[in-house]
Amino acid sequence: MTNSEDFLSVLESDTEVFGTEIAEQVADKLEKGFFLGYRHRDYCGMAMSYSAEQHFLYGELYDGIDFSSPQVFKSRNSFVEWLSSQSTASLARLDANEFYQGNQIITRKRLLEFINERSPV
């Protein structure tokens, strides 16, 4: 097994759902102006934000600012319901093109680090 296969196997086995508590805390942070995503050139992986229209966004991010056809959640409840039922495995993009599999995805670890951030980016 290659390192890439080992990494994807670890992601695939992490099926514990995030749950309501984590989802609510992520929603709180997004509503306060925090942004969850990498900010660099080109493909930045998956990101989450809260829009000026008061919608929650989840999707591919490019150049640190541009979402490419994000999922739009028009209410906090729909976002929390969706996120609480997700897991690292379900967000790992394991069924996508090889380039996207596990590439800068949203994981439980990233969500917990995000929840504990002190200032918005």
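Count residues from 1 along the sequence. What you see below is based on every heavy atom in this structure, not just the backbone, and it leaves out hydrogens, waters and symmetry mates.
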Set of salt bridge (charged side-chain N to carboxylate O under 4.0 Å, His left out) partners for E24, sequence neighbours left out:
R76

Checking K32 against Y50 for the side-chain contact (heavy atoms from CB on, under 4.5 Å) test, could you report, in this order, the C-alpha distance in whole Å, the side-chain angles of both residues, the deciding distance, and whether it holds?
CA-CA 9 Å; K32 290 176 182 171; Y50 189 65; over 6 Å; no

Before we go on, tell me: are the rings of Y43 and F99 under 6.0 Å apart, centre to centre?
yes

Give a yes or no on whether the backbone of V80 and the side-chain of S84 come within a donor-acceptor separation of less than 3.5 Å.
yes

Distance check, rounded to the nearest 0.5 Å: F7 atom CZ versus E12 atom CD?
12.5 Å

Would you check, one step at a time, whether the test side-chain contact (heavy atoms from CB on, under 4.5 Å) holds for D6 with L8?
CA-CA 6 Å; D6 287 342; L8 293 177; over 6 Å; no

Can you give each donor-acceptor pair under 3.5 Å made by side-chain atoms of residues 13-20, sequence neighbours left out, with the distance rounded to 0.1 Å?
residue : atom : partner : partner atom : Å
S13     : OG   : S9      : O            : 3.4
S13     : OG   : V10     : O            : 2.9
D14     : OD2  : T88     : OG1          : 3.3

Residues V26, F114; criterion side-chain contact (heavy atoms from CB on, under 4.5 Å); working and verdict
CA-CA 7 Å; V26 169; F114 176 68; 4.0 Å; yes

Hits for side-chain hydrogen bond (donor to acceptor under 3.5 Å, both in side chains) against E21, two or more places apart or cross-chain, chain-then-number order -> none

Looking at D95, I'd like to know if its CG atom is crowded, meaning that more than 12 non-hydrogen atoms belonging to other residues, nucleotides or ligands lie closer than 6.0 Å.
no

Between R39 and I65, is there a donor-acceptor pair closer than 3.5 Å when you use the side chain of the first and the backbone of the second?
no

Between the main-chain N or O of N116 and the side-chain N or O of K29, is there a donor-acceptor pair closer than 3.5 Å?
no

I need the minimum non-hydrogen distance between A47 and F67, along with the two atoms involved.
O-CE2, 3.5 Å

Going by the side-chain hydrogen bond (donor to acceptor under 3.5 Å, both in side chains) test, which pairs reach into residues 62-74, not counting sequence neighbours?
E60-Y62

My understanding is that only residues two or more places apart in sequence, or in another chain, count here; which of them pass ring pair (Phe, Tyr, Trp, His ring centres under 6.0 Å) with F73?
F79, W82

Between M48 and F35, which heavy-atom pair has the shortest distance, and what is it?
O-CD1, 3.7 Å

Return the OG to CG distance between S49 and L36, rounded to the nearest 0.5 Å.
9.5 Å

Joint cluster assignment, L112 & L30, ILVMFWY side-chain distance < 4.5 Å:
yes

Find the distance between CZ (R110) and CD1 (I115) and round it off to the nearest 0.5 Å.
13.0 Å

Taking every heavy atom of V72 against every heavy atom of L57, the minimum-distance pair comes out as CG2-CD2, 3.7 Å

Which heavy atom in Q86 sits nearest to a heavy atom in S90, and how many Å separate them?
OE1-OG, 2.8 Å

In Å and rounded to the nearest 0.5 Å, what is the CD1 to OG distance from I106 to S87?
13.0 Å

Going through the checks in order, is the side-chain contact (heavy atoms from CB on, under 4.5 Å) test met by L91 and M46?
CA-CA 9 Å; L91 296 183; M46 303 304 287; over 6 Å; no

Contacts of type salt bridge (charged side-chain N to carboxylate O under 4.0 Å, His left out), residue E81, not counting sequence neighbours:
none

Any side-chain heavy-atom pair of H40 and Q104 under 4.5 Å
yes

